[in-house]
Amino acid sequence: MTLQLFDTYERKVRTFEPLKSGEVGIYACGPTVYNFAHIGNLRTYLFEDLLKRVLIGNGYRVNHVVNITDVGHLTSDADTGEDKMELGSKRTGMTAWELATFYTEAFQKDLERLNVRSPDIWCKATDHIQEQIDFVSDLESKGFTYCTSDGVYFDSRKLNNYGYLARLDIDGLQAGARVNQGERRFVTDFALWKFSPEDEQRQMEWDSPWGKGFPGWHIECSAMSAKYLGDFFDIHCGGEDHIPIHHTNEIAQTEASRGSRLANFWMHGYFLQMDNAKMAKSSGEFLTLDVLIERGFTPFDYRYFCFTAHYRSQMSFSWKSLEAAQTALSRLYEAFASWGQAGDASEEYLARFHEFLNDDLNMPRALAVIWELVRSDEPDEVKKATLLVCDEVLGLDLADWEPEEVIVPDEVLRLAEDREGARQAKDWAKADALRDEISSLGFAVEDTREGPVVTKS
RNA sequence: GGACGGGUAGCCAAGUGGUUAGGCAUCGGUUUGCAAAACCGCGUACACGGGUUCGAGUCCCGUCCCGUCCUCCA
């Protein structure tokens, strides 16, 4: 089966064909590094990792580019708002540059722990100021820009299909519904270059032909993707929130400058919902991977959790559903570990597994195939070999899993030995009393064929 | 308010016209001195009201609710 992917631009699933034979260029929008990534952010990167692994599984060489937005953009009011990096700098006492480095590293560490394959290229907005200035200059020479007192703006009405990606109903947009329009001429116009405020020293600012300032948010992606992947590349990814503004504007810039719609496929990961509410990084209230780990979950538990829903569906987060994923995954690990040596993989199960993944990355269905295999009558060595192949896409590191080492205090060990003695003597009352005592110390004793085993309870 | 996208059994979640998706939990069973763990078995649910059709969770209309965007956001 050929690879089918949903393209937001066409609003349909269509057959993926690379622009260059055997090679796929992917650009994925990365984070603004003013705070830790929350688990909702991370869901999108897990989707992109799945996409990449499926492409590789289909035999493509993937060139994967992720940007780091390390220059601030406005937080609120278009004219006077502080930007997120400056704000983060005040909050933490770090300079904006230190802040960027700190949160970039934290983000990369999260991805590594989630077993997300590292991109081929990480690119920072601040390392590509000249490319962005050149891009804006080109737009200016083609007549798509105008200046106001606070910046250089893109004149969106010069494009006749502005907003096609999001199917924007331009007339229905409420200008100023949520933000002051400033001197923008039209509701969908956006900043390409912003001037530094006269009365304030910014930490991050650069000279430009239009005056000292900093680049607009959208221009970095058009400029950097063009540099690393060309003017028209295979797949551009990001979160669903990027469809109406960020990606719409990226397309507008690139169409105006290069005449292409930037990417052949536009793919979007959908939000993780928290109690039916959006998990917002800007609100400061959010769950991080570290919090999950503190609560006894592993990054793989979260990885598996995300796989239980399709990337194009919003997903509800709850501790209960994360626990369900944890239980399922540990059963998968234990089953895998119990199977001994791997033999030959089942072509039939592999085919079905890959067929679902090639159907717009339907991981929930692919996982159903995994469970069908696990609970089938196939010989253990076949199950093991098959899952080993599937794990190249799953990325759960099934072969590396080991039961958690439990450090049992001597006192508990002694109690367990006493209990075993009582059991041998068939003194059940004493054995049960000792088990209760062990339990009160936070441990559980399980009687297996190989004798009693003490675990954390 | 508008555009776009959703509402599936206790929970998470696949599925777009007609044959049980799957996982977790509950319950029953195997096992165990009893447990635990593990394994096996077990669920006809599709927001609500109309309509189309031989047949609808799946298509159409209306209503209610949720999300995305119209500030920065994965």
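Values below: every heavy atom of this structure, side chains too, minus hydrogens, waters and symmetry copies. Each chain gets a letter, A, B and so on, in the order the sequences are listed, and its residues count up from 1.
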Separation between the C1' atoms of B/C46 and B/G6, rounded to whole Å: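 Straight-line distance between the two C1' atoms is 14 Å.
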Roughly how far apart, to the nearest Å, are B/U20 and B/U44 at atom P?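 That atom pair is separated by 11 Å.
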How about A/His218 and A/His247: does a side-chain donor come under 3.5 Å of a side-chain acceptor?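 No, no side-chain donor-acceptor contact under 3.5 Å.
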Looking at [X] and [Y], does any basic side-chain N land under 4.0 Å from a carboxylate oxygen?
X	Y	answer
A/Arg419	A/Asp447	yes
A/Asp49	A/Arg303	yes
A/Arg43	A/Asp110	no

Report yes if the ring of A/Phe271 lies under 5.5 Å from the six-membered base ring of B/A74 with planes under 30°, and no otherwise.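 According to the criterion (under 5.5 Å, under 30°), yes, A/Phe271 stacks.
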Decide yes or no, distance alone: a donor-acceptor N/O pair under 3.5 angstrom between the base of [N] and the side-chain of [X].
X	N	value
A/Arg11	B/C4	no
A/Arg435	B/A35	yes
A/Asn362	B/G15	no

With nearest nucleotide decided by heavy atoms, which residue, A/Ala368 or A/Arg365, maps closer to the 5′ end of RNA chain B?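 It is A/Arg365, whose closest nucleotide lies nearer the 5' terminus.
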Using heavy atoms to find the nearest nucleotide of RNA chain B for A/Ala309 and A/Gly239 separately, return the residue whose nucleotide is more 5′.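 Nearest nucleotide further toward 5': that of A/Ala309.
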What contact category does A/Tyr45 fall into here, base, sugar-phosphate, or nothing, at under 4.0 angstrom with non-hydrogen atoms?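 It contacts sugar-phosphate atoms only.
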